[in-house]
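Data block below; observations after.
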Amino acid sequence: MAVRPIVQADSPILRQKSKKVKRFGQVLQNLIDDMVETMHAVHGLGLAAPQIGVSQQVIVIQLPEDEETPQSGKLYVVCNPEIIRTVGEEEESEEGCLSVPGFVGDVRRATVVTVKGLDRHGKKIRVKAEGLLARAFQHEIDHINGTLYIDRVDSPEKIRRIVPVEEQGPQEASQEEPAL
Ligand code: ZN
């Protein structure tokens with residue numbers, strides 16, 4: 001396993017529709033392991049394969065179960081994910097992206113989504129997600145379709161600069177924004 005560099009927003013790969021996963025062999029298993037390791041290394045809540053430079057429809061998401069144990073929540077690995085149903089009102093909330101470091105934006109997202117796709121072995125799966133998990137799925141599925149959250153904000157004023165963690169004083173150290 002290896003931590004791979006995160007591709008930044010100006011890279012063309014983040015603007016392409018990724019290719020569907022067709023083979024579930026060792027190459028894919030290594031890619032997924034690297035994605036999980038990279039997500040953990042950068043304290044992300046989710047990661048899409050194009051963010052490490054691989055144009056494949058693979059996403060990983062892991063939300064913390066509680067604040068003290070960041071990597072405690074259920075790990076979702078979904079290949080060829082698709083939103084098949086959205087329910088309820090949209091909600092505007094703050095969102096950050098590992099490929100757009102130093103910024104957050106207020107983005108409208110559906111509060112409940114149902115996602116279908118394949119697990120890491122090619123078995124069909126379906127996930128009903130709410131709240132932050134629903135937001136994370138929508139953000140990562142956008143990535144495999146070549147869309148960034150900065151394309152979805154209603155106006156440029158909804159994107160704000162945040163102080164990078166390394167420049168924060170001790171009082172601000174808890175302000176690290178969860179990114180996807
Ligand atoms: Zn992102």
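Every number for a ligand or one of its atoms is a count from 1 in the order of the listing. Quick caveat: nothing in here was measured; it's all calculated off a predicted structure.
Within 6.0 Å of atom NZ in Lys116, 12 or fewer heavy atoms from other residues, nucleotides or ligands are found, so the atom counts as exposed in its surroundings.
Both Leu75 and Leu28 belong to a common hydrophobic cluster when Ile, Leu, Val, Met, Phe, Trp and Tyr are linked at side-chain heavy-atom distances under 4.5 angstrom.
Sorted by first then second residue, the salt bridge (Lys or Arg N to Asp or Glu O under 4.0 Å) pairs that include residues 122-133, not counting sequence neighbours, number zero. A side chain to side chain donor-acceptor pair (under 3.5 Å) check over residues 97-109, counting only residues at least two apart or in different chains, returns the pairs Gln51-Ser99, Glu95-Arg109, Asp106-Arg160, Arg109-Asp142.
When only modelled atom types and interatomic distance are considered, Gln29 and Asp33 share no side-chain donor-acceptor pair under 3.5 Å.
Closer than 2.8 Å to the Zn ion (ligand 1) sit the protein N, O or S atoms Cys97 SG, His139 NE2, His143 NE2, Leu180 O.
Remark: Glu82 engages no residue in a salt bridge (Lys or Arg N to Asp or Glu O under 4.0 Å) (not counting sequence neighbours).
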